[in-house]
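Structure first, commentary second.
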Amino acid sequence: MAIRKTSKLSQTAVIKQIMKRCSSLGKNKQGYQDPDGLPLDVPKGHFVVYVGENRSRYIIPISFLGRPEFQNLLQQAEDEFGFDHDMGLTIPCEEQAFQSLTSMLR
């Protein structure tokens, strides 16, 4: 039981890191944000990830963060890139696989 609880806290901490990181992206770009510093093209309840070799930008719902399938991608992203870089949240998979996964999660 204690191990499972620890894993749950770890996932929560990771999700908080992701949300903090996503909310701070692009803060220095003029015309890209509203007065609160949030990107103009990202609706409330969504965040941006970059996928594939070309780093294509996707806007996805925050609700995906709770899904085990998406959490696996986040774990892969942490293992490959970490969360302490200026490149945005990058998901290490091919775009076609990402599109297929996200279409199933909707």
Side-chain angles (χ1 to χ4, degrees):
M1 281 275 195
I3 293 173
R4 185 173 224 174
K5 187 173 184 179
T6 302
S7 294
K8 190 73 164 175
L9 290 174
S10 177
Q11 288 176 352
T12 302
V14 168
I15 290 172
K16 285 181 180 179
Q17 280 183 326
I18 291 166
M19 295 311 301
K20 183 177 181 181
R21 182 77 184 136
C22 291
S23 68
S24 66
L25 292 176
K27 284 199 173 186
N28 296 326
K29 297 179 183 176
Q30 293 289 351
Y32 181 63
Q33 299 124 0
D34 67 9
D36 295 325
L38 300 173
L40 292 171
D41 65 337
V42 180
K44 186 174 184 173
H46 292 73
F47 67 104
V48 175
V49 296
Y50 298 92
V51 179
E53 288 183 24
N54 296 326
R55 288 187 26 95
S56 297
R57 186 174 186 257
Y58 289 87
I59 299 171
I60 58 173
I62 288 174
S63 63
F64 283 12
L65 292 173
R67 301 292 298 268
E69 302 91 337
F70 198 79
Q71 288 179 3
N72 287 337
L73 287 178
L74 293 176
Q75 185 62 51
Q76 290 174 21
E78 180 183 24
D79 292 345
E80 189 163 330
F81 305 114
F83 290 123
D84 189 24
H85 60 85
D86 294 331
M87 298 173 60
L89 180 57
T90 305
I91 304 293
C93 73
E94 294 183 16
E95 280 187 71
Q96 189 173 24
F98 182 80
Q99 290 172 349
S100 178
L101 173 69
T102 56
S103 68
M104 289 187 301
L105 296 176
R106 293 186 191 266

**OP:** Quick one: pull up OH in Tyr58 and NE2 in His46 and give me the separation to the nearest 0.5 Å.
**Re:** 15.0 Å
**OP:** Give a yes or no answer on whether the side chain of Glu94 reaches the backbone of Gly52 with a donor-acceptor pair at less than 3.5 Å.
**Re:** no
**OP:** Please list, chain by chain and in numerical order, all residues satisfying side chain to side chain donor-acceptor pair (under 3.5 Å) with Ser56, sequence neighbours excluded.
**Re:** Glu95
Subject >> For Asn54, side chain to side chain donor-acceptor pair (under 3.5 Å) partners two or more places apart >> reply: none
Can you give me the closest heavy-atom contact between [X] and [Y], atom names plus distance?
| X | Y | result |
| --- | --- | --- |
| Cys93 | Leu73 | SG-CD2, 4.2 Å |
| Tyr50 | Arg55 | CD2-O, 3.5 Å |
| Pro43 | Ile59 | CD-CG2, 3.9 Å |

Flag the pair [X] / [Y] as yes when at least one side-chain heavy-atom distance between them is below 4.5 Å, and no otherwise.
| X | Y | value |
| --- | --- | --- |
| Phe47 | Leu89 | yes |
| Ile60 | Phe98 | yes |
| Ile91 | Leu74 | yes |

**OP:** Only counting residues at least two apart or in another chain, list the ones meeting side chain to side chain contact (heavy atoms under 4.5 Å, CB included) with Glu69.
**Re:** Arg67, Leu101, Leu105
Original post:
Residues in side chain to side chain contact (heavy atoms under 4.5 Å, CB included) with Ser63, at least two apart?
Top reply: Pro61
Original post:
Looking just at side-chain N and O atoms, do Asn72 and Gln76 make a donor-acceptor pair shorter than 3.5 Å?
Top reply: no
Subject >> salt bridge (charged side-chain N to carboxylate O under 4.0 Å, His left out): pairs with one or both residues in residues 42-54, sequence neighbours excluded >> reply: none
